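Predicted, not measured: the structure shown is a model, and the values here were computed from it. Numbering of ligands and ligand atoms starts at 1, following listing order. Start at 1 with the first residue, then count along the sequence.
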Amino acid sequence: MSANSIDKASVSDIVDRFGSRPEMLVQILQSIVQVHGWISEDVIRQLASDLNLSRADVHGVVEYYHDFRTSPPGKHIVKVCQAEACQAMGSRELTSHAEQAVGKDTTLEDVYCLGNCACAPAVMVNGRTHGRVDAERFDTLIGALEGRD
Ligand code: FES
């Protein structure tokens with residue numbers, strides 16, 4: 001299996017765990033993302049068939065929820081908060097900086113409030129939240145992550 005494909009049997013196991021019930025589509029998709037990190041076009045096709053839904057139905061749900069990534073994630077995931085308190089403290093500028101600063105092994109995503117508003121702007125690096133992140137601090141965090149200086 002390549003890094004760009006998701007094992008069909010594993011998806012079938014997840015569908016079975018939810019009793020192959022179409023009304024459990026969101027939970028099934030969440031489980032697939034937990035295990036595999038993303039939802040491929042093949043998975044959408046398989047879910048439509050296994051749950052007796054149209055591909056448009058499955059696509060609609062995948063597109064609605066921001067967390068259902070449709071391409072394989074990088075080795076590291078960095079989220080920059082785009083909600084109000086962080087925006088007021090410069091998260092847009094930080095995002096522009098981040099887009100230039102991250103390497104190809106890192107997936108950069110938006111997130112809407114990390115519950116760390118008092119220490120805006122906030123960033124999450126591989127599941128860990130950091131507050132008061134400016135461009136310099138961002139570079140330090142990313143440098144440590146990607147083994148750069
Ligand atoms: S608004 Fe960014 S952590 Fe709450």
Side-chain angles (χ1 to χ4, degrees), residues 2-7 10-11 13-15 17-19 21-48 51 53-149:
S2 87
N4 288 340
S5 68
I6 296 173
D7 181 38
S10 159
V11 172
D13 286 347
I14 292 169
V15 170
R17 243 189 288 139
F18 288 94
R21 288 161 48 206
E23 68 272 22
M24 300 304 283
L25 178 59
V26 171
Q27 291 83 348
I28 290 169
L29 289 166
Q30 284 169 334
S31 292
I32 293 169
V33 170
Q34 264 172 18
V35 174
H36 298 285
W38 67 297
I39 308 283
S40 68
E41 201 54 47
D42 286 345
V43 167
I44 290 174
R45 210 169 296 132
Q46 183 180 351
L47 290 177
L51 299 173
L53 294 166
S54 73
R55 278 173 60 191
D57 288 337
V58 181
H59 259 292
V61 173
V62 169
E63 281 162 21
Y64 184 79
Y65 292 94
H66 185 76
D67 280 350
F68 296 154
R69 197 180 291 116
T70 53
S71 57
K75 210 161 95 193
H76 307 293
I77 298 182
V78 174
K79 301 182 183 196
V80 180
C81 181
Q82 305 295 327
E84 202 174 321
C86 286
Q87 260 191 42
M89 294 302 284
S91 70
R92 283 207 178 132
E93 295 76 9
L94 182 62
T95 302
S96 300
H97 174 78
E99 285 165 356
Q100 307 302 315
V102 297
K104 62 176 170 31
D105 284 347
T106 299
T107 298
L108 186 65
E109 295 183 336
D110 293 342
V111 67
Y112 292 88
C113 197
L114 291 164
N116 198 35
C117 318
C119 296
V123 166
M124 181 177 271
V125 178
N126 287 340
R128 183 154 176 230
T129 302
H130 302 268
R132 297 197 177 95
V133 179
D134 58 12
E136 193 181 327
R137 180 128 191 266
F138 187 88
D139 289 348
T140 303
L141 290 168
I142 295 303
L145 196 64
E146 297 180 346
R148 293 190 240 148
D149 291 321

Which ligand 1 atoms, with their elements, are less than 4.0 angstrom from a heavy-atom of Asn116? 3 (S)
If we number the atoms of ligand 1 from 1 as shown, the ones under 4.0 Å from a heavy atom of Cys86 are 1 (S), 2 (Fe), 3 (S)
Using the side chain to side chain contact (heavy atoms under 4.5 Å, CB included) rule, pick out the option among Asp67, Leu25, Asp57, Ile44 that qualifies with Val62. Ile44
Below 4.0 angstrom, N of the basic side chain to O of the carboxylate: do Arg45 and Asp42 qualify? yes
Only heavy atoms of Ala85, strictly under 4.0 Å: list the atoms of ligand 1 that pass. 1 (S)
What I'd like to find out is whether the side chain of Val43 reaches to under 4.5 Å of the side chain of Ile32, using heavy atoms alone. yes
Do Glu109 and Gln82 have side-chain heavy atoms sitting under 4.5 Å apart? no
Part of Cys81 with heavy atoms under 4.0 Å of ligand 1, whether side chain, backbone, both or neither: side chain
Hey, which of Leu114, Val133, Asp110 is the one that makes side chain to side chain contact (heavy atoms under 4.5 Å, CB included) with Cys81? Leu114
So the atoms of ligand 1 within less than 4.0 Å of a heavy atom of Gly115 turn out to be 3 (S)
